[in-house]
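Reading through the structure tokens given below for one structure.
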Amino acid sequence: MNKTLKKLALLSVAILGAACAPSTSSSSESTQASSGSSGSSDEKIVIYSNSVSNGRGDWLKEKAAENGFNIEFVSINGGELADRVIAEKNNAIADMIFGLNNMEFNRLKDENLLEKYEPSWKSEVDLSLGDADGLFYPLVVQPLVLIGNESSTMPKDWTDLAKPEYKGKYNIFKLSGGTSKVILGSIASRYRDDSGELGVSKEGWDVIKGYAQNAKVVASETDYIGMIIDKKDGIEYNMMWGSGYLQNKNERKYNFNVMYPEVGEPFVTEQIGILNTSKKKETVQKFINWFGSAEVQAEWSKKFSSIPANKKALEQANDDVKDFMSKVKSQKLDWEFISKNISSWVEKVELEFLK
């Protein structure tokens, strides 16, 4: 092995950690039949995901091992994950990805990094939420909402946050993250003006400037939920994805207020796909058949309050998930327009409004 290959091997070990020992499948025949095939315990699947925090990864790794799958996670911020995969395209480490939204998966599609496949549960999801060419499929639906302290009066819309009375009262995540990007895109796209700067009218940029400068940018490791509950540093509101709202509501036993704009909420769909650089495609597809099945997605939902794209799994979801979904509605968004401009919008906001 030459020095370059040795360095790459050491880098892989540093990133992924020690490999877990092979697991023996303990699943029943009925489980294997309903979810496709059992896994291969001697072939490790490396997964990049932005959706394995708060115990999700540990739970999934344990359940996967029980079904014969040896998986290893690398948890990466959603806004950085696609960049990482693209940078590694000639020395790929990951076999598959889940958790990224359509915008980020389309970036990988444009880079010709995705493998076409058909999961066993294809007929159980709305295919319009995924990729028309079969390169990625919907796994979890995420309405993006603003949550607040139970005693706070909620604004009626994201655009209200640009008003002076909300200055310093809410957190937003870094714009490198998927949630913050989508919410910015959902605001900017309302003010489309093809003759305006970066396709947005002056009125739109005034709203975005107020929204960005009134906010406090919060790091992911901060207890931003606790800040809302305690109104720490005057913070009353925080952006949140649907399953995160439900999980924190249940775990903290706290009744957050939620903003439901008249135009609806920006919905994002967490997708799942196989990298065409993987040498374990058959094993990866078996894992996806198992993970995306109605049975496993229903368990995943009940444990972590996720909102399954799998219709059969959604029927089995907890009542609070169903109640939440009855209150939200999808905001109509021009994803092609947003995807084309979001990087430029983020750059302008970061350089001009958040400097």
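Because only heavy atoms are used, hydrogens play no part in the values below, and waters and symmetry mates are left out as well, while side chains stay in. In this chain, numbering begins with 1 at the start of the sequence shown.
A salt bridge links K89 with E111; the closest basic N to acidic carboxylate O contact falls under 4.0 Å. With salt bridges taken as basic N to acidic carboxylate O contacts below 4.0 Å, none links K302 and D320. A salt bridge is absent between R84 and E80: the closest approach of a Lys/Arg side-chain nitrogen to an acidic carboxylate oxygen does not fall below 4.0 angstrom. With respect to the salt-bridge test (charged N to carboxylate O, under 4.0 angstrom), the residues D334 and R192 qualify. No salt bridge links K280 with E43; every basic N to acidic carboxylate O contact stays at or beyond 4.0 Å. In this structure, K209 does not pair ionically with E352, as no charged nitrogen and carboxylate oxygen lie closer than 4.0 Å.
For N112, there are no side-chain hydrogen bond (donor to acceptor under 3.5 Å, both in side chains) partners, not counting sequence neighbours. Every side-chain contact (heavy atoms from CB on, under 4.5 Å) that E347 has, sequence neighbours left out, goes to L351.
Aromatic ring pairs are classed by plane angle as parallel below 30°, tilted from 30° to 60° and perpendicular above 60°; the pair Y211 and W158 is perpendicular.
For the residue pair N310/E124, the side-chain donor-acceptor check at 3.5 Å is satisfied. Under 3.5 Å, the side chains of S243 and Q142 contain a donor-acceptor pair of N or O atoms. In the model, Q247 has no side-chain atom that pairs as donor or acceptor with a side-chain atom of R252 under 3.5 Å. The closest side-chain donor-acceptor pair between S201 and D193, if any, does not fall under 3.5 angstrom.
Aromatic rings of F73 and W59 (six-membered ring for Trp) have centroids beyond the 6.0 Å cut-off, not under it. Aromatic ring centres of W241 and Y245 lie farther apart than the 6.0 Å criterion allows. Separation of the F98 and F291 ring centroids falls under the 6.0 Å cut-off.
With a 6.0 Å radius and a threshold of 12 heavy atoms from other residues, nucleotides or ligands, E197 has its CD atom above the threshold. The environment of K340 atom NZ is sparse: at most 12 non-hydrogen atoms of other residues, nucleotides or ligands sit within 6.0 angstrom. Shown here is K281, whose NZ atom has more than 12 heavy atoms of other residues, nucleotides or ligands within 6.0 Å. Annotation: K216, atom NZ; neighbour count of heavy atoms from other residues, nucleotides and ligands within 6.0 Å is above 12. Few gaps surround CG on D323; more than 12 heavy atoms of other groups in view lie less than 6.0 Å from it. More than 12 heavy atoms of other residues, nucleotides or ligands shown are found within 6.0 angstrom of NZ on K109. Within 6.0 Å of atom CD in E165, more than 12 heavy atoms from other residues, nucleotides or ligands are found, so the atom counts as buried in its surroundings.
The hydrophobic clustering, which links ILVMFWY residues whose side-chain heavy atoms are closer than 4.5 Å, places M103 and I86 apart. I183 and M154 fall within a single hydrophobic cluster, where Ile, Leu, Val, Met, Phe, Trp and Tyr side chains are chained together by heavy-atom contacts under 4.5 Å. Y254 and F304 fall into different hydrophobic clusters, where Ile, Leu, Val, Met, Phe, Trp and Tyr are joined by side-chain heavy atoms under 4.5 Å apart, directly or via other members. V52 and L246 fall into different hydrophobic clusters, defined by Ile, Leu, Val, Met, Phe, Trp and Tyr side-chain heavy atoms under 4.5 Å apart, directly or through other members. Note on L139 and W335: separate hydrophobic clusters, where clusters join Ile, Leu, Val, Met, Phe, Trp and Tyr whose side-chain heavy atoms are under 4.5 Å apart, directly or indirectly.
The two residues L275 and A94 have their closest heavy-atom pair at CD1-O, 3.6 Å. Closest heavy-atom contact between A212 and L354: O-CD2, 3.4 Å. The minimum heavy-atom distance linking I47 with F287 is given by the pair CD1-CE2, 3.8 Å. When all heavy atoms of K174 and S180 are compared, the pair lying nearest together is O-CB, 3.3 Å.
Remark: K348 qualifies as a cation-pi partner of W205 under the 6.0 Å distance and 45° angle criteria applied to the six-membered ring.
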Exercise. Given K312 and E315, is the salt bridge (charged side-chain N to carboxylate O under 4.0 Å, His left out) satisfied, shown in steps?
Worked result: CA-CA 5 Å; K312 292 183 178 180; E315 291 172 0; over 6 Å; no
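Contact check for Y170 versus I228: no side-chain heavy atoms found under the 4.5 Å cut-off.
How far CD1 of I97 is from OG of S51: 11.5 Å, rounded to the nearest 0.5 Å. From S189, atom OG reaches atom CG of L333 across 5.0 Å, with rounding to the nearest 0.5 Å.
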